[in-house]
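These notes concern the structure reproduced below.
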Amino acid sequence: MSIKLSFLGAAQNVTGSRHLLEADRVRVLVDCGLYQERKFRARNWEAFPISPKKLDAVLLTHAHLDHCGLLPKLVREGFAGPIYCTAATAEIARIVLLDSAHIQEEDAEYKRRRHRREGRKGPYPVVPLYTVAETEAALPQFSPVEYEQPVKIARDVEATFCEAGHILGSSVISVKVGSGRKERAILFSGDVGRRNMPIIQDPTRVKHADYVLVESTYGDRVHPDAEDVENELARVVNAAKDAGGNLIIPSFAVERSQDLLYHLNELKLAKRIPDLRVFLDSPMAINVTDVFENHPELFDEEMSRRVGRNRSPFELRKLKMTRTAKESKAINRLRGTSVIIAGSGMCTGGRVKHHLVNNITRPESTILFVGYQAVGTLGRIILDGAEEVRILGQRYPVKARVERIGGFSAHADRDELLSWLSGLREAPRGVFVVHGEAKSAKHFGQYLRDKKGWNVTVPEYGDKVTLA
Ligand SMILES: [Zn+2]
């Protein structure tokens with residue numbers, strides 16, 4: 001049986017994860033992600049490098065858009081097979097994909113209106129990448145699997161999903177192809193998390209693989225100590241309270257918002273911060289939090305203990321989850337200090353913009369960044385120290401205090417990736433370093449060769465290899 005692997009995304013870049021595994025007549029796609037980096041976004045519109053009709057199955061590592069965001073398009077263009085993933089991944093992917101489809105529809109509508117206003121016509125009709133209806137049509141193909149339970153994909157092809165410790169439901173996937181002496185195990189890392197992250201369990205160290213595809217988002221860096229995050233958060237919350245204004249935290253809906261609630265809960269229980277009001281002001285983050293609550297079996301020991309003693313971070317004292325716009329607006333009328341966690345994470349949309357309008361000109365308010373801010377986003381402009389910013393069409397002087405906590409990463413760093421790979425009992429035949437900027441991927445590749453003496457390749461977009 002000949003086994004082939006094609007690198008169709010996240011090859012020397014970090015988004016658009018997509019790897020094709022072919023063996024005899026079986027074709028399996030591992031992840032089908034959206035390209036989010038500006039310079040690769042055109043690839044979202046290109047035809048798939050393989051006809052979606054010819055695919056037998058998709059294996060999905062986790063629910064981040066750069067891993068699942070092109071699935072509705074894949075289904076629209078003819079993919080009719082199962083999308084295997086954990087139940088939590090399926091539930092979060094549903095929320096994330098429907099949100100993405102809404103944004104695609106709004107963007108297309110906005111562009112159409114602008115063209116009409118300017119009396120011009122683009123070279124192509126303006127259509128959404130995919131619609132809400134197309135996304136809903138793809139959802140029945142999600143087929144939930146259990147961790148550590150092998151799933152038969154086809155004759156002589158079997159996949160096993162294990163905890164990746166990155167976000168709730170995330171997996172590393174081992175695919176066994178062939179039988180007897182010719183059997184080969186190919187391990188797909190997806191995104192590898194860190195040990196001791198809040199709420200979820202640590203990444204599983206897989207013991208055997210003939211080939212490994214490993215991510216390298218932070219393959220050239222070592223994170224600061226994780227414990228500093230809670231100390232930093234305590235410092236910022238206490239200073240915000242002393243200043244007497246609100247603490248606005250722009251946050252991603254998946255994992256980061258729940259991690260923040262976890263840390264706030266820990267700090268409140270330890271009486272290291274005052275018993276302030278906390279608002280989770282993002283319908284999407286609230287929906288994702290519901291998925292967390294539906295899956296206590298995925299919690300780690302500390303989180304299970306908190307939940308068992310009625311000290312769940314999701315039932316934090318004075319926590320209010322504000323679903324409706326009316327409830328969100330009512331927050332502005334409160335005096336004193338409230339902690340307001342709102343989307344979007346980079347302030348490019350969502351309710352956080354309204355909170356910024358109400359707080360950014362107030363010297364007693366604080367804006368706290370806890371995630372990556374891409375170049376050009378409102379979040380980045382504020383973080384970089386702009387004196388004046390434009391929000392919802394109006395200019396505002398930046399008078400609020402601006403803070404940042406950098407240790408919140410959900411990705412393993414260089415040493416943690418090496419430690420994860422060190423779970424393998426024998427050297428794999430080959431390692432492919434993917435999902436990292438070229439610099440980071442190449443650095444990590446060399447680091448692996450030096451430390452382990454392994455056969456390491458850093459593939460380019462479109463490369464195809466035959467596995468011996
Ligand atoms: Zn991810």
Side-chain angles (χ1 to χ4, degrees), residues 8-19 29-37 40 44 58-71 83-86 88-97 99-100 142 147 161-173 187-195 197-204 212-219 221 223 251-260 284-285 288 291-292 295 298 343-346 370-374 407-414 416-417 420 433-437 440-441 444:
L8 305 178
Q12 303 196 17
N13 74 294
V14 286
T15 67
S17 267
R18 212 161 48 167
H19 312 293
L29 194 65
V30 180
D31 288 342
C32 188
L34 193 72
Y35 282 95
Q36 292 168 302
E37 294 136 299
F40 297 117
N44 291 328
V58 171
L59 310 180
L60 178 60
T61 59
H62 66 287
H64 274 150
L65 267 190
D66 61 321
H67 292 258
C68 71
L70 276 187
L71 284 168
I83 300 165
Y84 294 109
C85 61
T86 63
T89 295
E91 289 162 38
I92 299 174
R94 176 179 174 276
I95 297 167
V96 164
L97 289 172
D99 180 69
S100 169
F142 280 85
Y147 281 138
F161 289 62
C162 302
E163 174 69 68
H166 169 61
I167 63 169
L168 192 81
S170 65
S171 309
V172 301
I173 308 175
L187 177 62
F188 296 86
S189 79
D191 288 354
V192 182
R194 314 178 63 189
R195 299 182 55 168
M197 277 190 27
I199 307 172
I200 58 173
Q201 296 183 27
D202 291 345
T204 304
V212 184
L213 278 83
V214 64
E215 67 126 327
S216 58
T217 315
Y218 293 111
R221 260 164 289 173
H223 294 315
S251 179
F252 300 102
V254 180
E255 200 70 36
R256 190 62 43 89
S257 292
Q258 294 76 28
D259 287 1
L260 276 167
M284 189 173 161
V288 174
V291 178
F292 274 70
H295 291 280
L298 301 178
S344 70
M346 300 190 207
V370 293
Y372 176 71
Q373 304 296 313
F408 270 99
S409 180
H411 283 273
D413 64 16
R414 186 196 67 185
E416 290 163 330
L417 285 170
W420 179 70
V433 180
V434 295
H435 199 290
E437 301 286 348
S440 180
F444 187 64

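One-based numbering, in listed order, for ligands and for the atoms of each.
- Here the rule is side chain to side chain contact (heavy atoms under 4.5 Å, CB included) with L60, and of C32, C68, S17 only C68 fits it.
- With H67 as the fixed residue, the ring-ring contact (aromatic ring centres under 6.0 Å, His included) test singles out one of H19, H166, H435: H435.
- Within a 6.0 Å sphere centred on CZ of R256, other residues, nucleotides and ligands contribute more than 12 heavy atoms.
- Side chains of E215 and S189: no donor on one and acceptor on the other come within 3.5 Å.
- H295 and E91 share a donor-acceptor pair across their side chains, judged by distance under 3.5 Å alone.
- Looking at heavy atoms from C-beta onward, L70 lies in side-chain contact with R18 at the 4.5 angstrom threshold.
- Each protein N/O/S atom under 2.8 Å from the Zn ion (ligand 1) was counted, for a total of 4.
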